[in-house]
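Below is one structure, written out as structure tokens; comments come after it.
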Amino acid sequence: MSNEFPEIYLVRHGETEWSLSGRHTGRSDIPLTENGEAAARRVGPRLAGKRFDAIWSSPSQRARNTCELSGFGAGAVIKDDLAEWDYGAYEGITSKEIHVRRPGWQLFRDGCPNGETAVDVGARADRIISELRQANAPILIFSSSHFLRVLGARWLGLPPTDGARFILDTTSISVLGYEHDVTEPVIRRWNGI
């Protein structure tokens, strides 16, 4: 079901070696795998017929390359606020490894030492949402899983920690929008493959 209100399309970047192995990839600039590149090329046809007034990307090469390989690289604007969660001391290690050192740890509840908390990521998401609402136009965004999960939660007015309730696969497409008017933000589709 479509309506006259702008829709915001979110694309999670393609597969990387670290996303494949479950290693937390925040600020490390890890390239796409061959499978990730192939999946990124399939994003464009999945968005055929959609019109976007702007294309925004995280500064990470995995997001930028997904954007380019999907055919949307021309004119894409890099937004630092779209960067993935800063995992600090947990960068490059898996949740399983973290649990050995810190049993019961949960990213969205506990954050990362020398990195960001959910509130920090939520503040960046709020700035992006403010720009989106001001633009009042269809926009395509390329970023990473945990940031986009927080963005989805904040779009709905939920606390950033509720991003834990959403999941995103690599090269998934999600759509934020509105129901009856712009005071009713909704998630129109989530984690589309």
Side-chain angles (χ1 to χ4, degrees), residues 2 6-87 91-95 107-108 121 124-125 128-129 132 137-156 162-177 186-193:
S2 64
E7 293 181 331
I8 309 306
Y9 278 68
L10 311 177
V11 178
R12 182 183 173 196
H13 65 76
E15 175 191 275
T16 69
E17 288 295 334
W18 283 18
S19 67
L20 188 60
S21 65
R23 294 169 71 181
H24 290 283
T25 317
R27 303 304 163 90
S28 296
D29 218 5
I30 307 300
L32 299 176
T33 62
E34 285 184 28
N35 287 338
E37 289 177 355
R41 287 184 191 95
R42 292 190 295 271
V43 168
R46 292 165 53 204
L47 295 173
K50 303 291 182 202
R51 181 191 64 79
F52 301 104
D53 285 9
I55 314 296
W56 296 352
S57 177
S58 158
S60 73
Q61 71 169 307
R62 60 193 180 272
R64 289 188 339 262
N65 289 346
T66 300
C67 178
E68 290 169 16
L69 291 168
S70 66
F72 293 98
V77 175
I78 304 302
K79 299 261 184 190
D80 290 340
D81 277 339
L82 291 173
E84 178 59 302
W85 198 305
D86 182 348
Y87 300 117
E91 181 77 8
I93 58 177
T94 66
S95 292
L107 173 65
F108 287 87
V121 179
R124 291 193 288 113
I128 292 294
I129 289 168
L132 291 168
I139 295 176
L140 176 60
I141 294 175
F142 292 83
S143 189
S144 298
S145 178
H146 288 136
F147 176 79
L148 291 174
R149 292 167 66 179
V150 171
L151 182 68
R154 295 303 299 139
W155 180 261
L156 298 175
D162 279 359
R165 301 177 185 278
F166 301 93
I167 196 74
L168 284 173
D169 297 317
T170 54
T171 61
S172 61
I173 299 173
S174 301
V175 183
L176 307 178
V186 297
I187 293 179
R188 300 189 67 76
R189 288 179 288 291
W190 193 258
N191 200 35
I193 304 217

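Reckoned from all heavy atoms, side chains included, excluding hydrogens, waters and symmetry mates. Predicted model only: the values in this text are computed from it and were never measured.
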Specify the closest pair of heavy atoms between [X] and [Y], including all atoms of both residues, with the distance to one decimal.
{"X": "Leu32", "Y": "Ala40", "value": "CD1-CB, 4.5 Å"}
{"X": "Ile129", "Y": "Leu151", "value": "CG1-CD1, 3.6 Å"}
{"X": "Ser70", "Y": "Val43", "value": "CB-CB, 3.6 Å"}

Any chance the side chains of [X] and [Y] put a donor and an acceptor closer than 3.5 Å?
{"X": "Arg46", "Y": "Tyr9", "result": "no"}
{"X": "Glu15", "Y": "Thr33", "result": "yes"}
{"X": "Ser145", "Y": "His13", "result": "no"}

Test item: [X] and [Y] side chains (from C-beta on) under 4.5 Å apart, heavy atoms:
{"X": "Arg189", "Y": "Ile173", "answer": "no"}
{"X": "Ser58", "Y": "Lys79", "answer": "no"}
{"X": "Val175", "Y": "Ile187", "answer": "no"}
{"X": "Ile128", "Y": "Leu82", "answer": "yes"}
{"X": "Arg12", "Y": "Ser143", "answer": "no"}
{"X": "Val150", "Y": "Phe166", "answer": "no"}

Nearest 0.5 Å, please: how far is [atom2] in [Y] from [atom1] in [X]?
{"X": "Ser144", "Y": "Leu10", "atom1": "OG", "atom2": "CG", "value": "12.0 Å"}
{"X": "Gln61", "Y": "Thr66", "atom1": "CD", "atom2": "OG1", "value": "10.0 Å"}
{"X": "Thr25", "Y": "Trp18", "atom1": "OG1", "atom2": "CH2", "value": "6.0 Å"}
{"X": "Thr170", "Y": "Leu20", "atom1": "OG1", "atom2": "CG", "value": "8.5 Å"}
{"X": "Asn35", "Y": "Thr16", "atom1": "CG", "atom2": "OG1", "value": "11.5 Å"}
{"X": "Ile167", "Y": "Ser174", "atom1": "CD1", "atom2": "OG", "value": "11.0 Å"}

So, the side chain of [X] versus the backbone of [Y]: is there a donor-acceptor pair under 3.5 Å, distance only?
{"X": "Arg64", "Y": "Ile78", "value": "no"}
{"X": "Arg149", "Y": "Ala164", "value": "yes"}
{"X": "Glu91", "Y": "Ser28", "value": "yes"}
{"X": "Glu68", "Y": "Gly73", "value": "no"}
{"X": "Glu84", "Y": "Phe147", "value": "yes"}
{"X": "Arg154", "Y": "Ala125", "value": "no"}
{"X": "Arg23", "Y": "Gly92", "value": "yes"}
{"X": "Ser172", "Y": "Leu168", "value": "no"}
{"X": "Asp53", "Y": "Ile139", "value": "no"}
{"X": "Trp155", "Y": "Val186", "value": "yes"}

*Do the ring planes of Tyr87 and His24 sit parallel (below 30°), tilted (30 to 60°) or perpendicular (above 60°)?*
tilted
*asked:* Check the orientation of Phe142 and Phe72. Use parallel for under 30°, tilted for 30 to 60°, and perpendicular for over 60°.
replied: tilted
_Please tell me whether Trp85 and Phe108 form a close aromatic pair, meaning their ring centres lie under 6.0 Å apart._
yes
*Do the charged groups of Arg188 and Glu7 touch, with an N to O distance under 4.0 Å?*
yes
_With a 6.0 Å cut-off (strictly less than), is the heavy-atom count around CZ of Arg27, excluding the residue itself, greater than 12?_
yes
*asked:* If you apply the rule side chain to side chain contact (heavy atoms under 4.5 Å, CB included), what do you find for Leu140 with Val11, and how did you get there?
replied: CA-CA 8 Å; Leu140 176 60; Val11 178; 3.8 Å; yes
*Walk me through it: do Cys67 and Ile55 pass the test side chain to side chain contact (heavy atoms under 4.5 Å, CB included)?*
CA-CA 9 Å; Cys67 178; Ile55 314 296; 3.8 Å; yes
